[in-house]
Visitor: 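Attaching a single structure in C-alpha cells format; questions to follow.
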Amino acid sequence: MKAFPKRYKPKDAEAACMGRWADDDAFRWDEAAPAGDDYVIDTPPPTVSGTLHVGHVYSYTQADIMARYMRMSGRNVLYPIGWDDNGLPTERLVEKVKKVRGGTMAREEFVALCREVIPDYEQQFRDLFTRLALSVDWSREYQTISDESRTVSQLSFIDLYRKGLLERRLEPTLWDPADRTAIAQAEVEETEREGKLNYIPFEIEGGGLEPAVIATTRPELIGACGGLMIHPEHPRAAELIGKRAISPLYSVPVEIYAEDTVDPEKGTGIVMCCTFGDVTDIQWFRTHKLPLRLVIDQAGKMKDALDIGSEDWPSLNADEAQATIEALAGLKAAKAKEAILELLQARGLILKQEATHQVVPIAERSGAPLEIIVTPQWFIRTLDFRDQILAKGREITWRPEYMRQRFESWVEGLKWDWSISRQRHFGVPLPVWYSMREGEEGKILVADPARLPVDPTVDLPEGYAEDEVERERDVMDTWATSSVTPQLVTRTISDELGLDQAAHERLFPMSLRPQAHEIIRTWAFYTIVKALHHQNDVPWRDIAISGWCLAGDGQKMSKSKGNVIDPIKLLDDYGSDVVRYWTGTSRLGHDTVLSQNTLQQGKRLVTKLWNAVKLAHMALEQAEIAPVSPKADIEAGIITHPLDQWLLGRLSDTVAKAGEAFENYEYANALRVTEDFFWRTYCDNYLEIVKRRSRFEGAPDDEQRSALHTLYHASDAMIRLFAPFMPYVTDTLHDLLNAGEDESAPTVHRRGSWPDRTVQAEAGLFESEGEAFVAVLSAARKVKSELQVSMKAPVARLTVTAKAESLADLIGDTAHDLQAVTSSEAVELGKAPEDAPNAMSADEAITVTLKMALPSDDEA
RNA sequence: GGGCGCGUAGCUCAGUUGGUCAGAGCACUACGUUGACAUCGUAGGGGUCACAAGUUCGAAUCUUGUCGCGCCCACCA
C-alpha cells in the first residue's frame, strides 16, 4: 500500500487525476460492447458567447453526476461534447471583442474574424469543463460550425425540404430591426414600459356621421392602416359597418369591418388595423383581405417613399399624404411616433391621451422592439403539427415531470411556423440557389447531398453557370443546427441521408437530454420537432431539466445586480469536489442559492472522508489480509463479528437506496442517504466501535481480522458511493486503498465499478442487534455527557437493564467492543444498581447505568 | 387571464403511497476531545409544518379556498 498523506490537497489531486484520466482515456465509449449496454447523452453544446457563469458549473455538473453513476452502474456511456459556435450570440461576441459591426462588413472578412476569435473562448470552456471533471468523451468533441456539422445540418435542411416540411415563403415575419434579421417566436422576449394610448378620429366618408375614434399606441402606423375593426355589438356598429373612414394626415379611405374579436372594452372599441402592428393585425389582414401597406423598412425606419396616391393606395389628399411621408421619412419608429403626434396635435386630432402600461415584444439578443415586416424566409412547418409534437413530448420521460407543462404550454401557444433563415454572416449556409434560367426563373435549386457542405455564395449547383443562379446569402439560425445535436453525434439525419447509418441506428434515439429549463421552448422543442419531422421518433427517452443557480441573496445572478459569482474563483476557493457536492445537493428542476453553508458542508465531507479512509488505511497497511467481497468474506467465515455484519448490511442497504435514487435521476437523494450513512452510522458509531478492535490491544485475532476486512469493504464502497459527486478525492482515495506501493489502481470511475449489493441477502442480519448496540452506546454517552466527563472517562462497570432477554447474547458476543468504546472494565446485563448515574435509550426500552471508576491517586 | 412550482427551526433545505414526520446541516448553549479529523464528538434549546375550512379514528402529507414569493404561457388596438 502507498503511504497515506496526512492531509488532502485538492489542487494536487485534481492535477494528478486529470492527467491520469486523460492517459487512461477513461471515459471513451466502447464501440465493441453490446448495443444493449449503450447509454447515450445528448450533451448541451454551450453557446460560445464569451461568458462562463456559475449556471454552467451547476447544470453541467448535475448531468455529469448522472453520467458517472450510469457508467459505474455498468452502462456503456457515450457522453459527447461540443461547442455551439455560430449564430447571433457568437457574432455579438466577435463584434464586442473586435469592436466591429458585422452588418457593415463583407461576409468573408467578418467570418474570418469569427474564426480567429472563437478558439480562445472554446478553450475557456474546455478548461472549465476539464477542471469540473466532466467525464465527457473528448474524442467526440465537435463544433456546430465544423464541416461535418454543416454537412449534417444541411442534410437536415434537404430532408425537410424534400418532405415538404420546409418552405420558402413571402409573408409577414417577426423582425429584429437592430440586427436586421428575421427571428423566430422563441427569440421574442418582453419588456415593460409606460406608453401613451392616443385617441384619434377618422372622418367618415360621405359626411353626416361623427368620426370613428380609434385608440392606438402606435400612431406612426396610421399610414399602414388598411381598415378599421369594430365589434358587431358596438353602439356605433350599425351606422359604421360598410362605410369608409378617412385616415388622418394621409387621407386614405379604408373600409370599416365587423370583427367579433375586437374587445369592446378596450380603448374606444374601434381599432385600426395596420400592416403590421401585431399578430392580430395579420389575422385581420388575412380574414378581410386588406391591402398590404408597409411603411417601415428593415432597419426599423419610416420609408422614404410610399406609393400613396396610386390606384391601389388612393388618397383623397395626395399632397398632404406626401407631406406627411416626407416629414417622417428615415425616422426610427420611436422618433416617428413623436413626430406624427406633433402633426396630429397641430391639427387638433388628438382627442385624448391616456397613460398606459405596455408590454412590448423585443428581440432577446438585441433588446430592440420587434417589427413585423414582409420578407422571403424559410419556415419549418410546426403549426400544423402541434398535436404530433405534443404526443412526442408525452412519449418522453420528463424529470421533473412538471416541466412537461412548460413544453406543452409553449407548443399550445405557437403562433408562427419556425423561421430558420437569418440575414446574418456567421452560420450554416442555406444549401440553395434560385435559378435564373429562362423558363425556370425562381426555381429553387437544392444542393446535392453528396456534395455537402456547400456555401452557395461560393459554390454553384451542378450544371449551372455563375450567371444562371441567384445565390442564397442567408444562413441558418443557430438553433436550426443545435436542434440536431443527436444527429451531429450519429452523423446521420434519416434512413436516406447521413454519413453513418449503422451508428445512427444504434445510438438514436438517445437515452438522456440534460438541459436547463430556460431553453425548453428552444432547444428541447426544436430537437423534438426535428426528430418528429426526420423520423417520426423522439430524440431521447428521458429529459432531465436543471434549475437555476441563484445568488446568495436568492436573486437571479446578473451583472446589473452585481451579484455574479465567477465560477473560476469558486473553484479556486473550494476545489471542484466541493463545488460539485453543492450542485449535487439540489434536485433537478429546483433553483438553488449558492450557499456558503452547503459549500462548507462539502468541504467538511471531503476532509472527513479523507480521514475516515486514512484511519482504515492505518490499520490495513499493517495487516496481511486479502479481502474478496463482503459476501465472500462472510461466507468464508472471516467476517464473523455481529457488528461487522450489521455494518455491511446497513452499507448494502445504502448502496441499494442510492442506486434506486440514481435510477430515477434523484441524485440528491442518493447523496443524502450516502452522507447520512457515512457520517452517523459509519464514522460516529462503527469507526468508534472498531477503532481498538481493528488496531489496538486486546482483541482476539479472529475478531480483529473480521474488523479489518469490514473496514476495507466499507471504505471501498463508500469511496464508490461518493465517486459520482466528488470524483477527485474519491479516485485519489481509491488508489491509496487499492494500489500497491509503486503502481496505480484503475480508476474508480470506470465502467461497472458501482459497489455491488451482494450482501443484500444478509442486509437485516443482526439489524436489531446492531441497533440495540447503538442504543446502549448512545445511552452510555448520554450518562457521560450529563456527568460532564470525557467520553473516554473510565467506567468500572456498565450495566444494561432491559425488558427483553434477547440482549444477553448480544452483550456476550460484543463485549470486547462495548468495553472498548465505553472505556468500561466490565459490562453486564442485569438489574440497575442503585445510586449510580443512568440514562435511557430513545425508545426507553433500555437503561444503561454506569458505575464510574474512581479517579486514581495521581489524577486526584 | 390560464398554468406550474414553492411557502417546514434564525439560515439553507429533507420529509416517497396520510399513522415513530416534526427532521438534517449551519448558527446557538453546555461539556468533552486535540494520536483518523486546520478538528471532531456528546448532550441540549429552538418550529401551531403560510392561513382557513373540510375529508379521516388520525393530515406537514389528501380536497377546497385565501395570502405571499418565483417562473411559464397568453393578452397587450
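To find a chain, count down the sequence lines: A is the first, B the second, and so on, and within it residues start at 1. The figures here come from the full heavy-atom set of this structure, side chains too, leaving out hydrogens, waters and symmetry mates.
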Visitor: Side chain of A:Ser595 only, please: which of B:C26, B:U12, B:A74 is the nearest?
Guide: B:U12
Visitor: Both distances under 3.5 Å, Watson-Crick or G-U wobble: report the partner of B:C69, or none.
Guide: B:G5
Visitor: Parallel under 30°, tilted from 30 to 60°, perpendicular over 60°: which one fits the rings of A:Trp398 and A:Phe407?
Guide: tilted
Visitor: When you measure from the side chain of A:Ser595 to the backbone N and O of A:Asn597, does any donor-acceptor pair fall under 3.5 Å?
Guide: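 Such a contact is found between A:Ser595 side chain and A:Asn597 backbone.
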Visitor: I want to check one thing: is the phosphate of B:A77, taken as OP1 and OP2, less than 4.0 Å away from some side-chain N or O of A:Thr217?
Guide: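 Yes, such a contact exists.
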Visitor: Taking any heavy-atom pair under 4.0 Å as a contact, classify A:Glu259: base, sugar-phosphate, or nothing.
Guide: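 If one applies the 4.0 Å heavy-atom cut-off, A:Glu259 turns out to touch nothing in the nucleic acid.
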Visitor: With rounding to whole Å, what would you report as the distance between B:G70 and B:G65 at their P atoms?
Guide: 22 Å
Visitor: Can you find a side chain N or O atom of A:Thr280 that sits less than 4.0 Å from OP1 or OP2 on B:C76?
Guide: yes
Visitor: Ignoring hydrogens, what is the shortest heavy-atom contact between A:Leu221 and A:Phe276? Give both atom names and the distance.
Guide: CD1-O, 4.2 Å
Visitor: Can you tell me how far C1' in B:A74 sits from the matching atom in B:G68, rounded to whole Å?
Guide: 24 Å
Visitor: Give one of base, sugar-phosphate or nothing for A:Ala612, where a contact means two heavy atoms less than 4.0 Å apart.
Guide: base
Visitor: Measuring to OP1 and OP2 of B:G32, would you say a side-chain N or O of A:Arg781 lies under 4.0 angstrom away?
Guide: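 No, because none of the side-chain N or O atoms of A:Arg781 sits under 4.0 Å from OP1 or OP2 of B:G32.
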Visitor: Which nucleotide in the list B:G25, B:C75, B:A36 gets nearest to the side chain of A:Cys683?
Guide: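 Nucleotide nearest to A:Cys683's side chain: B:A36.
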Visitor: Going by purine N1 to pyrimidine N3 plus the second Watson-Crick contact, or the G-U wobble pair, all under 3.5 Å, which nucleotide sits opposite B:C62?
Guide: B:G54
Visitor: For B:C40, give its Watson-Crick or G-U wobble partner with both distances under 3.5 Å, or none.
Guide: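 B:G32 is the nucleotide pairing with B:C40.
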Visitor: Using atom CD of A:Glu621 as one end and atom C1' of B:A36 as the other, report the distance to the nearest whole Å.
Guide: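 After rounding, the gap between these two atoms is 12 Å.
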Visitor: Please tell me which of the listed nucleotides, B:A36, B:U42, B:A30, lies nearest to the side chain of A:Lys608?
Guide: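 In terms of side-chain proximity for A:Lys608, the closest of B:A36, B:U42, B:A30 is B:A36.
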Visitor: For B:G10, which nucleotide is its Watson-Crick or G-U wobble mate, given both distances must be under 3.5 Å?
Guide: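 In the structure as shown, B:G10 has B:C26 as its Watson-Crick or wobble partner.
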Visitor: What nucleotide, of B:C73, B:A14, B:G41, holds the atom closest to the side chain of A:Arg587?
Guide: B:A14
Visitor: Within less than 4.0 Å of OP1 or OP2 of B:A74, is there a side-chain N or O belonging to A:Trp410?
Guide: no
Visitor: Using a 4.0 Å heavy-atom cut-off, does A:Gly267 contact any base of the nucleic acid, only the sugar-phosphate backbone, or nothing at all?
Guide: nothing
Visitor: Just the rounded figure in Å: distance from C1' of B:C13 to NE2 of A:His590.
Guide: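 The answer, rounded to whole Å, is 10 Å.
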Visitor: Heavy atoms from C-beta onward define the side chain here; which of B:A36, B:C73, B:G15 lies closest to that of A:Arg521?
Guide: B:C73
Visitor: Give A:Gln596 one of three labels, base, sugar-phosphate or nothing, depending on what nucleic acid heavy atoms sit under 4.0 Å from its own.
Guide: nothing
Visitor: Out of B:C31, B:C13, B:C71, which nucleotide sits closest to the side chain of A:Arg406?
Guide: B:C71
Visitor: What verdict does the ring pair (Phe, Tyr, Trp, His ring centres under 6.0 Å) test give for A:Trp548 and A:Tyr58, after you've listed the backbone C-alpha separation in whole Å, the side-chain angles of each residue and the deciding distance to 0.1 Å?
Guide: CA-CA 8 Å; A:Trp548 264 336; A:Tyr58 183 65; over 10 Å; no
Visitor: Mind running ring pair (Phe, Tyr, Trp, His ring centres under 6.0 Å) on A:Phe722 and A:Phe678 for me, showing each step along the way?
Guide: CA-CA 10 Å; A:Phe722 281 120; A:Phe678 168 69; 5.6 Å; yes
Visitor: Determine: side-chain N/O of A:Arg604 to OP1/OP2 of B:C40, distance under 4.0 Å, yes or no.
Guide: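 It does, given that an N or O in the side chain of A:Arg604 lies less than 4.0 Å from OP1 or OP2 of B:C40.
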Visitor: Which of the following nucleotides, B:C13, B:A36, B:A43, is nearest to the side chain of A:Val593?
Guide: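 The nucleotide sitting nearest to the side chain is B:C13.
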Visitor: Think A:Gln601 has a side-chain N or O under 4.0 angstrom from the OP1 or OP2 of B:C11?
Guide: no
Visitor: Taking CD from A:Gln353 and C1' from B:A77, how many angstroms apart are they, rounded to a whole number?
Guide: 16 Å
Visitor: For B:A9 versus B:C13, give the span between their P atoms, rounded off to a whole number of Å.
Guide: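 Approximately 12 Å lies between the P atom of B:A9 and that of B:C13.
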Visitor: Taking the P atom of each, how far is B:U16 from B:G54, in whole Å?
Guide: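 Those two atoms are separated by 25 Å.
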Visitor: Would you say that A:Glu190 contacts A:Val360 through its side chain, given a criterion of any heavy-atom pair below 4.5 Å between the two side chains?
Guide: no
Visitor: Between B:A43, B:A36, B:G5, which one does the side chain of A:Tyr402 approach most closely?
Guide: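 The nucleotide sitting nearest to the side chain is B:G5.
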Visitor: Among the candidates B:C72, B:C40, B:A77, find the nucleotide nearest to the side-chain atoms of A:Val262.
Guide: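 Comparing B:C72, B:C40, B:A77 against the side chain of A:Val262, the answer is B:A77.
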Visitor: For B:C11 versus B:A27, give the span between their C1' atoms, rounded off to a whole number of Å.
Guide: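 B:C11 and B:A27 have their C1' atoms separated by 8 Å.
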Visitor: If the cut-off is 4.0 Å, is A:Lys782 near the phosphate of B:G44, judged by side-chain N/O to OP1 or OP2?
Guide: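 The answer is yes; a side-chain N or O of A:Lys782 sits under 4.0 Å from OP1 or OP2.
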Visitor: Among B:A74, B:U12, B:G15, which is the nearest nucleotide to the side chain of A:Asn669?
Guide: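 Within the option list, the nearest is B:G15.
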Visitor: Compare all side-chain heavy atoms of A:Trp610 with those of A:Leu736 and state whether any distance is below 4.5 angstrom.
Guide: yes
Visitor: Do the side-chain N or O atoms of A:Lys266 get closer than 4.0 angstrom to the phosphate oxygens (OP1, OP2) of B:C75?
Guide: no
